[in-house]
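The structure appears right after this line, and notes come after that.
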Amino acid sequence: MKVVGIDIGGANTDIAIIEVENGELKDMKVESRYLPMWLKKNELQKTLKELLGKEIEAIDGVGVTMTAELADAYKDKEEGVKDIIGKVEEVFNVPVAYVSLSGMLDAATALKNPLEVAAANWIATSQLAAAINKNCIMVDIGSTTTDIIPIKNGRECAKGRSDLERLSTGELVYTGVLRNNLATIVDKVPLHGKWYRVSSELFAITADIHLVLGNIDYKEYTCDTPDGADKTIRDSMRRIARLLCADLKLLNQQDIREIAAYIYHQQILKIAEAIKEVSDREKLNSIVTTGLGMNILGRKAAEILEMECRSMDEFLHPRACIVAPAMGSAIMMGDHLTREY
């Protein structure tokens, strides 16, 4: 049986193709494409076909999860969910089901209950984390957000059931490896023994500090740059300098690295703070990290908290970890097909 899992995010669309034989994972393939849904939502069908290529002719089912319904191309989440479901259904002629808070739903049921499938990608990822540790906190750090999901006895037990609720429970932090405005992490930075307030313009993003610090390379800088310029270290340094309303004539490379290192540390602290909130409430002391930031942010947060930490790349290929919601969706769809057909 060959199953596809699709994670349709606001900025990235990821797929995982898994082949299962006699209950065992025989083969796996993952792909990702930068697709800013706020600009290019009508390219979703084309993108899915391109990502799957000839594989589309051999698949037995498709599991879908989404967060793109929050994109400001839609007036509200309900409109976003319905539009995304409509576009997905146009592409496939095999069974398709959508990850929800209560399991897999077919299109008709999902259209009647759109908020059940909105931003439920963490449900899919938690299935993978639970297989690694039945009692842990899953920390999934992507390009834009961090999901912090408690798991007990092999089942997720998040207190928040929507993004709105999870923002209040410590289970969702809007910070990630690539796309966040640096001014959302700090309002001041230290330099030359003084504190400098920062500009809140969209001059630089987290991808810039992580590129400058060597946490990612230019190939992993998959989103657009704020200024439309290149993705070189020097270009990133110039963008970071603008955070202080400066340029590379006013600040040198060491200055930029010091600023980047400070912001990086503050980002880790923000994630650690939320993990501690969930840990204290749920009495859980182990972490399983995944996503693009699993080691550069998740593991560092665990070290600050002195918590046991395992990265999902100990069990899966690192590329599979980056698209963990797609992987989880594929596995959930495989189980769904086994039960239903």
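Both backbone and side-chain heavy atoms feed into the values below; hydrogens, waters and symmetry mates do not. As the structure is a prediction and not an experimental result, all values here were calculated from the model.
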Flag yes if more than 12 heavy atoms outside Arg33 fall under 6.0 Å of its CZ atom; otherwise flag no. yes
Are the side chains of Pro325 and Asp14 in touch, meaning some heavy atoms are under 4.5 Å apart? no
Could you check whether atom CZ of Arg234 has more than 12 heavy atoms from other residues, nucleotides or ligands sitting under 6.0 Å from it? no
Is the number of heavy atoms from other residues, nucleotides or ligands under 6.0 Å of Glu314 CD greater than 12? yes
Criterion side chain to side chain donor-acceptor pair (under 3.5 Å) against Tyr34, the qualifying member of Thr222, Asn12, Asp224: Asp224
Output yes when Arg166 and Asp147 qualify as a salt bridge under the 4.0 Å nitrogen-oxygen rule, no when they do not. yes
If you group Ile, Leu, Val, Met, Phe, Trp and Tyr by side-chain heavy-atom gaps below 4.5 Å, do Ile271 and Val177 land in one group? yes
Asn93 atom CG, over 12 foreign heavy atoms within 6.0 Å: no
Using a strict threshold of under 4.0 Å (side-chain N to carboxylate O), is an ion pair present between Glu171 and Arg161? no
State which residue, out of Arg179, Arg239, Lys231, Arg257, fulfils the salt bridge (Lys or Arg N to Asp or Glu O under 4.0 Å) condition with Asp208. Arg239
Compare all side-chain heavy atoms of Ile233 with those of Tyr218 and state whether any distance is below 4.5 angstrom. no
Would you say Val4 ends up clustered with Val30 if hydrophobic residues are merged whenever their side chains have heavy atoms under 4.5 Å apart, either directly or through other cluster members? no
Quick check: is Ile185 connected to Ile240 through a chain of hydrophobic side chains (ILVMFWY, heavy atoms under 4.5 Å apart)? yes
If we ignore hydrogens and angles and just use 3.5 Å, is the side chain of Glu277 paired with the main-chain N or O of Glu273 as donor and acceptor? no
Count the heavy atoms of every other residue, nucleotide or ligand shown that sit under 6.0 Å from NZ of Lys152, and state whether that count exceeds 12. yes
Stepwise side chain to side chain contact (heavy atoms under 4.5 Å, CB included) test for Phe203 and Val198: CA-CA 10 Å; Phe203 283 139; Val198 303; over 6 Å; no
Looking at CG of Leu172 and OG1 of Thr145, how far apart are the two atoms once the value is rounded to the nearest 0.5 Å? 6.0 Å
Can a side-chain donor-acceptor contact be found between Thr65 and Asp7 if the only test is distance below 3.5 angstrom? no
Cluster question for you: counting only ILVMFWY and a side-chain heavy-atom cut-off of under 4.5 Å, with indirect links fine, are Leu105 and Met332 together? no
Check step by step if side chain to side chain contact (heavy atoms under 4.5 Å, CB included) holds for Leu70 and Lys77. CA-CA 6 Å; Leu70 187 60; Lys77 289 191 171 191; 3.9 Å; yes
Please say whether more than 12 non-hydrogen atoms of neighbouring residues, nucleotides or ligands are located less than 6.0 Å from NZ in Lys41. yes
Just wondering, more than 12 heavy atoms not from Leu202 lying within 6.0 Å of its CG? yes
Charged N-O contact under 4.0 Å between Glu78 and Lys82: yes
Counting only heavy atoms not in Phe315, do more than 12 fall under 6.0 Å of its CZ? yes
Assess the residue pair Ile56 and Val91 against the criterion (side chain to side chain contact (heavy atoms under 4.5 Å, CB included)); give the C-alpha distance rounded to whole Å, side-chain angles, the decisive distance to 0.1 Å, and a yes or no. CA-CA 9 Å; Ile56 199 168; Val91 175; 3.9 Å; yes
Cluster question for you: counting only ILVMFWY and a side-chain heavy-atom cut-off of under 4.5 Å, with indirect links fine, are Tyr196 and Met237 together? yes
Looking at side-chain heavy atoms only, is the closest gap between Glu282 and Ile137 below 4.5 Å? no
Taking it one step at a time, do Glu165 and Lys159 satisfy side chain to side chain contact (heavy atoms under 4.5 Å, CB included)? CA-CA 8 Å; Glu165 292 174 353; Lys159 289 292 184 289; over 6 Å; no
Check side chain to side chain contact (heavy atoms under 4.5 Å, CB included) between Ala274 and all other residues, then give those that pass, not counting sequence neighbours. Ile148, Val173
Gap separating the CG atom of Leu284 from the SG atom of Cys157, nearest 0.5 angstrom: 6.5 Å
Got a sec, which residues hit side chain to side chain contact (heavy atoms under 4.5 Å, CB included) with Arg238, two or more places apart in sequence or on another chain? Asp227, Ala229, Asp235, Arg242, Leu248
Sort out for me which residue in Thr144, Thr184, Asp163 forms a side chain to side chain contact (heavy atoms under 4.5 Å, CB included) with Tyr174. Thr144
Could you go through the side chain to side chain donor-acceptor pair (under 3.5 Å) check for Thr67 and Asn121 one step at a time? CA-CA 7 Å; Thr67 55; Asn121 61 333; 4.9 Å; no
Partners passing side-chain hydrogen bond (donor to acceptor under 3.5 Å, both in side chains) against Asp83 (at least two apart in sequence or in another chain): Tyr74, Lys87
